[in-house]
Number of protein chains: 2
Amino acid sequence: MSADERRESVIRAAVIEFSRGGYNGTSTEAIAKRVGVSQPYLFRLFPGKQAIFLEAARRCCQDVTEVFRRASEGLQGEEATKAMGDAYQALIADDPEKLLMQMQMYVAVAAAEAAGDREFGEALRAEWMEMYDVANLAMGADVDETTQFLAYGMLINVLVSMGFKPDHRVWAGFYEEVQPK
Amino acid sequence: MSADERRESVIRAAVIEFSRGGYNGTSTEAIAKRVGVSQPYLFRLFPGKQAIFLEAARRCCQDVTEVFRRASEGLQGEEATKAMGDAYQALIADDPEKLLMQMQMYVAVAAAEAAGDREFGEALRAEWMEMYDVANLAMGADVDETTQFLAYGMLINVLVSMGFKPDHRVWAGFYEEVQPK
DNA sequence: CGAGTAAGTTAGTGGCCAATCACTACCTAA
DNA sequence: TTAGGTAGTGATTGGCCACTAACTTACTCG
């Protein structure tokens, strides 16, 4: 397998592992095992652990952005909102790790920023803004609508992370039930 | 100093340290240093590291809940919403670590749940519901309003964690600027 | 064939970290 | 004065982990 193909599979494995354990709670050993490769080889493919996390988080953002883009294609206003909401619901059901990875990304950026690492957060803020802009475009550039849409999305992320089951009353304030697995 | 008083100061130190490094990225050594006590002594005051994290997260939830309770006292509907929003803004400005600790709590619960630890999440979900109910009561038991209020709160948490500065355009969709430090 | 290159491994190192154990210092009450 | 309880420390340990260095295998091309 070529190095590029390997890197790709490392990123996919990293999303799964990091989404569970977070940056510090995930060993490079665990990622390597999932890929089916020796642990030192990861350091040939990437400069270090943080670089692997960065790529995994970036990929995750891009996947969500792409889901929004496709769902809202050719739609506008309320139709686009509904389509994107449904698409996000489906994404969570299929790949809950992408939701959890987002949460891990948020705290990892905060930690990097606190540690004086500027680049790391900068790269991920750019990815996040990509997602924001796709949503905003679908909303006809209405920033209030966009903000509200993303706000509900973030609450969903938190409730899922916290393990509130679909029949719990915290979900009562949503139009539709949303829950992974 | 009595053991109870020490425990109290450990919890306060733990909130600061855990909010920065998360569960796995924070050493008990760091907490002990901040308290001004030897590291092994922490294990006399608490059964283990997780217990310290649990108490820190619990305390954090209770603080936020208390802020909402006090801010909404005697108010209802839109007035209560505004009062609680302002109070949260002030809390973030004064103690940003309480916001970050919430984020750390979310991913820690997800990790514990994935590891089969049921109790940990259960305890923190109870604290979260306490906060939910206080907000809900202030909203006159309107769950849609409550959900929306909390959704905006969660988006604020995420944007602050991600390090978006107050003048960044992502904040344009909010009534007022909200930013720590 | 032989040389180069790309994919991959085994072995090892230095550092950190949660938790334990055995000990000391001080206070109080009989 | 001593016995017991409470607050606290120093030393240690066993395990994990990111990362490095050196070696191997296999394919390709002149």
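Letters go in sequence order (proteins before strands), and every chain restarts at 1.
A salt bridge does not link B:E73 with B:R69: none of the charged nitrogens is closer than 4.0 Å to a carboxylate oxygen. Taking a cutoff of 4.0 Å between a charged side-chain nitrogen and a carboxylate oxygen, B:R58 and B:E55 qualify as a salt bridge.
Remark: C1' of C:dA25 and CE of B:M1 are 17 Å apart, rounded to the nearest angstrom. The distance from atom CD of A:E29 to atom P of C:dT9 is 12 Å, rounded to the nearest whole Å. Rounded to whole angstrom, the span from the NZ atom of A:K49 across to the P atom of D:dC16 amounts to 15 Å. What separates CD of B:E5 from P of D:dA7 is a distance of 10 Å, to the nearest Å. Between A:E17 atom CD and D:dC17 atom C1' the separation is 15 Å, expressed in whole Å. The nearest whole Å value for the distance from the CZ atom in A:F43 to the C1' atom in C:dG8 is 15 Å. Distance, B:F46 CZ to C:dA19 P: 13 Å, rounded to whole Å. Going from atom CG of B:N24 over to atom P of D:dC17 covers 10 Å, rounded to whole Å.
Taking the six-membered ring for Trp, A:F149 and A:F68 have ring centres closer than 6.0 Å.
Looking at heavy-atom distances under 4.0 Å, A:R44 makes contact with a base. Heavy atoms of A:S27 sit under 4.0 angstrom from primed sugar atoms or phosphate atoms, though from no base atom.
Looking at the side chain of B:P40, the nearest of the listed nucleotides D:dA11, C:dG8, D:dG8 is D:dA11. In the set C:dT20, C:dG8, D:dG8, the nucleotide with an atom closest to the side chain of B:Y41 is D:dG8.
Ranked by how close their nearest DNA chain C nucleotide is to the 5' end, A:Q39 and A:L45 are led by A:L45.
Distances shorter than 4.0 Å separate none of the side-chain N or O atoms of B:T28 from OP1 or OP2 on C:dC17.
Between the CE atom of B:M162 and the CE atom of A:M105 there is a distance of 4.0 Å, given to the nearest 0.5 Å. Taken to the nearest 0.5 Å, the OH atom of A:Y152 stands 7.5 Å off from the OH atom of B:Y152.
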